[in-house]
2 protein chains.
Amino acid sequence: MNIGEIARRAGVSRSTVSYALTGKRPVSEETKRRIQAVIDELGYRPNAAARALKEGRTRTIGLVIPPASQRLTDMQLGFVASVVDATARADLDVLLSPSGGEHDRSFERVVTGRRVDGVILMEIRLEDDRVTRLLQSGLPFVGIGRTRQPEDMSWVDIDYETLIAKCVHHLADLGHRHLALVNRNAELVAAGYGPGHRAQAGFDRAIAERGLHGVRVCCADDAQAGQTCLQQLLAEYPELTAIATINEAAVAGMYRALTEAGLTVPRDFSIAGVAAQHWAENLHPPLTAADVPADEMGARAVELLIQRIADPATPHRHLLVAPPISLRSTTGPARPRT
Amino acid sequence: MNIGEIARRAGVSRSTVSYALTGKRPVSEETKRRIQAVIDELGYRPNAAARALKEGRTRTIGLVIPPASQRLTDMQLGFVASVVDATARADLDVLLSPSGGEHDRSFERVVTGRRVDGVILMEIRLEDDRVTRLLQSGLPFVGIGRTRQPEDMSWVDIDYETLIAKCVHHLADLGHRHLALVNRNAELVAAGYGPGHRAQAGFDRAIAERGLHGVRVCCADDAQAGQTCLQQLLAEYPELTAIATINEAAVAGMYRALTEAGLTVPRDFSIAGVAAQHWAENLHPPLTAADVPADEMGARAVELLIQRIADPATPHRHLLVAPPISLRSTTGPARPRT
DNA sequence: TTGTATGCGTTATCAA
DNA sequence: TTGATAACGCATACAA
């Protein structure tokens, strides 16, 4: 079913049908009604490809996520959910591209095949080939996360550096002197994953400011790894009494390791972190954490992108969120472990 | 940048460029090289909309998921991940449509705007308007899940009825006489959610066959609800010693309720369920469960869909998986609670 | 081995 | 208020 067929049956020209639909030109009530009747009868909808070809835009945005094979964290899922939601509300569609490496066919298709009007890019590295690629392509895009040169692009990001520093200060205020930072997995950090490096920086700074003892470790993003990681830390650093972390997925395992070591949270050991609000609340015990508003961030990213699509010349905008730490059940006064 | 520009710069006709790209007609090595050089220099890629318009296919499939606002279960995420993965491997793209209700603009766009070559539909009800809509549209589609008339469509599904019956038999073999079925949330079941109804049927059947006492409850899909749900069950049914469940998201809460009631799993209480393998393994304690191969199911759904797109006249195919129950750490011999 | 011409379904310009 | 027609960029049937 195409617009010509509708026009024929309604006894008008194709352009009249088009204008009746878009309202970009006055059409008499009478013909408008007749056209609508035919459309309803035949269930006509404009062909998206033809419209995209003619208009030069697809009404679709691309969402580049980490390869689906590696499980997304709760925070990442929050971003995806809110991006999808906000996009649907704007009557746009989302094309999903699972792209991690550099030579990625899916990513290339999205960027260069003009399949989308703009892109939202997740899980950005300090040096990120995909950002370079998008910049040179001229396609509007917004990062959830930012590179080392954050001025060159629009983004929404979490201020991991400040937040982890806040966690350290909070723990220091409670009397903890020996702290560990549990980072995301080693490969990610080695590859220049921004949050990993910024968390380290914030940790180091706060540790120095307060004159504390700090140790930094990487940990794979799952409960099992969290458990072994904490077991090793407990064994190696007998004076350790608190942890700051950005590794959501490992926290459940850390709880287990503590329980098995006979340590009660927060009486014997404290944990503070940066995590999605919904998730921190539903954990058991609920995690004292800076509540990342993943839902809002995704929506804001979409907002920024829609603006850039409408006017690519608009100056870049940046949103760095640093939510306050919500005190829940995992931090308490320091107390020697033995 | 378009094919005409490439042709001009390479000193050949547009069709020669097209044929050089598709290989559907012999092109001399010399011109092929010259064309490729220009393409590399200018970074040309065919316009997806123009190609879709000409070819009548979009090289894109639609994935209809539950509204993103409501958090997806781990199993649903497994489906999404494997569908996205398998689609990318086939050099196709995925258009995401978060569609729950009936009058959904996103869903309508996907179905009727010819934006996709086919659709994968998740979270199907026994009576599902979206299935009706897809059937009448003629667009190829595959369900992850099935309606009450499963012959009319292609699908991949989990045999909840058999699996929950197996759970009951397993628990009965261990001596449990008073069992509860913890279903998904009440709204979903009331709306005719297939797995919910089929799990009930399997539960009732097995309970009757073994002459046991069974009670069925619905429970919202989160840990907090799981906790209160089990608290109530424990209070109301003092003889209850085991649970069968299809509600992944509630299990962590059930563990908590048991711990707080001073009951140890599996010594004092047993739980068996149907859950994504990865998730059951990583739970603590690991859940005795029928391991749903979410990764494989998504890939098979994509396979089926690609076949249907290639030949819409092909007979419908169905895949009902009933994986064996993996014995882990949550079921043991029955023992009176008091 | 290559070139020319046509049409896919829209929207928008020009003309009436 | 409406109609005829030219693009948008590509793939392909037809010619050479």
Side-chain angles (χ1 to χ4, degrees), chain A residues 1-36 38-39 42-60 91 93 109 111-117 137 139, chain B residues 1-39 42-60 91 93 109-117 137 139:
Chain A
M1 192 45 45
N2 61 37
I3 199 171
E5 182 66 15
I6 303 294
R8 207 180 54 70
R9 300 213 192 190
V12 295
S13 74
R14 298 206 309 269
S15 50
T16 302
V17 175
S18 178
Y19 285 119
L21 247 24
T22 62
K24 293 186 182 174
R25 182 167 98 170
V27 174
S28 79
E29 279 308 318
E30 163 56 20
T31 47
K32 219 186 282 184
R33 257 207 5 267
R34 212 167 59 242
I35 290 169
Q36 193 55 53
V38 178
I39 287 179
L42 301 189
Y44 163 79
R45 295 288 307 274
N47 178 309
R51 173 181 277 185
L53 179 58
K54 179 62 187 165
E55 292 191 327
R57 60 173 184 147
T58 60
R59 301 167 192 261
T60 303
D91 275 331
D93 289 312
R109 271 201 305 274
V111 173
T112 192
R114 275 151 296 179
R115 298 181 64 59
V116 299
D117 299 333
S137 82
L139 193 64
Chain B
M1 193 46 46
N2 60 36
I3 199 171
E5 182 67 14
I6 302 294
R8 208 180 54 70
R9 301 213 193 190
V12 295
S13 73
R14 298 207 310 268
S15 56
T16 303
V17 176
S18 179
Y19 285 121
L21 247 24
T22 62
K24 293 188 181 174
R25 184 167 96 171
V27 175
S28 78
E29 279 308 318
E30 163 57 19
T31 48
K32 219 186 278 182
R33 258 207 4 268
R34 214 166 58 241
I35 290 170
Q36 193 55 53
V38 178
I39 286 179
L42 302 188
Y44 164 80
R45 295 290 305 274
N47 179 308
R51 172 181 280 186
L53 181 56
K54 177 64 185 168
E55 292 192 327
R57 61 172 184 150
T58 61
R59 300 167 189 263
T60 303
D91 275 331
D93 288 312
R109 270 201 306 275
V110 165
V111 174
T112 190
R114 275 149 297 180
R115 298 180 64 60
V116 299
D117 298 333
S137 83
L139 193 63

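Here is how names work: the chains are called A, B, and so on, in the same order as the sequence lines, proteins then strands, and each is numbered from 1.
- For A:Asn47, the side-chain contact (heavy atoms from CB on, under 4.5 Å) criterion is met by A:Ala49, A:Ala50, B:Arg114, not counting sequence neighbours.
- With contacts defined as side-chain heavy-atom distances shorter than 4.5 Å, the pair A:Leu21/A:Ile39 qualifies.
- Considering only heavy atoms from C-beta on, B:Val111 stays 4.5 Å or farther from A:Arg45 through its side chain.
- For the atom pair OG1 (A:Thr60) and CZ (B:Arg109), the distance works out to 8.0 Å, reported to the nearest 0.5 Å.
- Here B:Thr112 pairs with nothing under the side chain to side chain donor-acceptor pair (under 3.5 Å) rule; sequence neighbours left out.
- Shown here are the side chain to side chain donor-acceptor pair (under 3.5 Å) partners of B:Ser18, two or more places apart in sequence or in another chain: there are none.
- B:Arg33 pairs by the side-chain contact (heavy atoms from CB on, under 4.5 Å) definition with B:Glu30, not counting sequence neighbours.
- Residue B:Thr16 is the one, among B:Thr16 and A:Arg14, whose nearest nucleotide of DNA chain C lies closer to the 5' end (criterion: closest heavy atom).
- Between chain A and DNA chain D, the heavy-atom contact criterion of under 4.0 Å yields a 5' to 3' nucleotide range of D:dT1 to D:dG9.
- Residue pairs meeting the salt bridge (Lys or Arg N to Asp or Glu O under 4.0 Å) criterion with at least one member in residues 9-20 of chain B, sequence neighbours excluded: B:Glu5-B:Arg9.
- Put simply, CZ on A:Arg25 and OH on A:Tyr19 are 5.0 Å apart, with the number rounded to the nearest 0.5 Å.
- Close approach of DNA chain C to chain A, defined as any atom under 4.0 Å from a non-hydrogen atom of the protein, starts and stops at C:dG9 to C:dC14.
- Side-chain contact between B:Arg59 and B:Arg51: present, with at least one pair of heavy atoms (C-beta onward) separated by less than 4.5 Å.
- Within residues 42-59 of chain A, the residues approached by DNA chain D to less than 4.0 Å at the level of any non-hydrogen atom are A:Leu53, A:Lys54, in residue-number order.
- Expressed to the nearest 0.5 Å, how far CD1 of B:Ile6 lies from CZ of B:Arg34 amounts to 13.0 Å.
- Distance check, rounded to the nearest 0.5 Å: CZ of B:Arg8 to CG of B:Asn2 gives 10.0 Å.
- In the region residues 19-28 of chain B, proximity to DNA chain D at under 4.0 angstrom, judged on heavy atoms, holds for B:Tyr19, B:Lys24, B:Arg25.
- Over its length, the helix from C:dT1-D:dA16 to C:dA16-D:dT1 turns its helix axis by 40°, as judged from the five terminal pairs at each end, rounded to 10°.
- Partners of A:Ala20 under the side-chain contact (heavy atoms from CB on, under 4.5 Å) rule, at least two apart in sequence or in another chain, are A:Val27, A:Lys32, A:Ile35.
- Every residue two or more places apart in sequence or in another chain that forms a side-chain contact (heavy atoms from CB on, under 4.5 Å) with B:Leu139 is listed here: B:Val116, B:Val119, B:Leu134, B:Ser137.
- In this structure, CG on A:Asp93 lies 10.5 Å from CG on A:Asp117, to the nearest 0.5 angstrom.
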